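Comments concern the structure below.
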Amino acid sequence: MTDDLAERLDTAARDAVAIPQIVSAAGVDPDGAYAVQEALVARRLARGERLVGIKLGLTSRAKMAQVGVGEVIWGRLTNGMAVADSTTVDTSRLIHPRIEPEVAFLLDAAGNATAVAPALEVIDSRYADFTFSLADVIADNSSAAAFAIGPWRPLPGGLDNLGVLLEVDGRVVQIGSTAAILGDPRRALVAARRLAGSRTEAGWVLLAGAATAAVPLVKGAYVRAVVEGLGTVAVRAS
Ligand code: OOG
Ligand code: MG
C-alpha cells in the first residue's frame, strides 16, 4: 500500500492533476505517512535527482491556521526543486502553487548551522483544494515543490526577532517576524534533529518554515522576500 500511495502522489505531481486525500482515506497514520513520503521521494531519486536538504513545515501559527493542521512536519528537498536566486520558477507544471518567506540554514555534518539566508519556498499540495489532514500532507512531502535561497551569511548574534516582508510585484503582501518560526528559527535546528534524526549531511539546506501565511503564486509575478539583516531573495513565476 505504501508504494501504491507514493506512486499516486508522484503521478499527481508529475501530471499536475490534484487527487483526493488518499492517505487519510486509507487509514495511514503519521508514521506510515513518512514511509509513503520516503517512497515518494525515492521515485524522484530513481529518476536522477539527489537529496540536498530538508524542510520543516507548520512551524508558525500563521501556517498552522492557514491549512488547519497543528503539528510541525518535515519533508525532503532535492536538487530538482532548487531554483537559483533571482531566476524563474516554472508554474506550468504545478497545480495551485503558493509561495512563502522562510529562513534557511546551511548545515554541517553534525546538523549545526554554519550560515543563514533568506529563502522563498514554493509549495504545491497534490490534494484538491489544497486541503489535507496531517497524514496526507506528510505523505505529500509536506507540499514541497521548489525553493530559492538568498546569499548565505554567517550566523548573526540573534535571529529571534527580525522583520520579514513578502512582496509581490513590489507590493508588500505579508508582514511577519522570524519570531513566528518556533519563537526563534534556530529552534528549527533542534526540531529537525528530533524529527529527521541523523539523516542530514554536510552542505545540506534546512528550510525552517514560513514566517507568514503563504500567498498564491501567479504566472508572471515577481516575488521577493526581505528578512531584516539577512537580505533578500527573489523569483519570477513563469
Ligand atoms: C504544508 C507545508 C508547510 C511551511 O513552511 O510551513 C510549509 C502546506 O502548507 O501545504 O512548508
Ligand atoms: Mg514552507
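Counting starts at 1 for both ligands and their atoms, following the listed order. Keep in mind it's a predicted model, so treat the numbers as computed, not measured.
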- Query: In terms of side-chain heavy atoms, does Arg193 have a donor or acceptor partner in Asn112 at a distance below 3.5 Å?
  - Reply: yes
Within the structure provided, determine whether Val41 and Asn141 are in side-chain contact (heavy-atom separation under 4.5 Å). yes
min-distance N/O/S atom, Glu100 vs the Mg ion (ligand 2), resolves to OE2
Where does the angle between the aromatic ring planes of His96 and Phe130 fall among parallel (under 30°), tilted (30 to 60°) and perpendicular (over 60°)? tilted
Could you tell me whether Arg199 atom CZ has more than 12 heavy atoms of other residues or ligands within 6.0 Å of it? yes
All heavy atoms of Ala119 vs all of Ala104, minimum pair found to be CB-CB, 3.9 Å
Per residue Glu102, nearest N, O or S atom to the Mg ion (ligand 2) is named OE2
Of all the N, O or S atoms in Glu121, the one nearest to the Mg ion (ligand 2) is OE1
Regarding Ser24 and Asp136, is there a side-chain donor-to-acceptor distance under 3.5 Å anywhere? yes
By chain and number, the residues contacting ligand 1 below 4.0 angstrom (heavy atoms only) are Lys55, Leu56, Gly57, Leu58, Lys63, Val67, Glu100, Glu102, Glu121, Ile123, Phe130, Phe132, Val137, Ser142, Ser143, Gly209, Ala210
Using the salt bridge (Lys or Arg N to Asp or Glu O under 4.0 Å) rule, take Asp10 and Arg47 through it: C-alpha gap first, then chi angles, then the decisive distance, then the call.
CA-CA 12 Å; Asp10 193 33; Arg47 293 195 291 269; 2.9 Å; yes
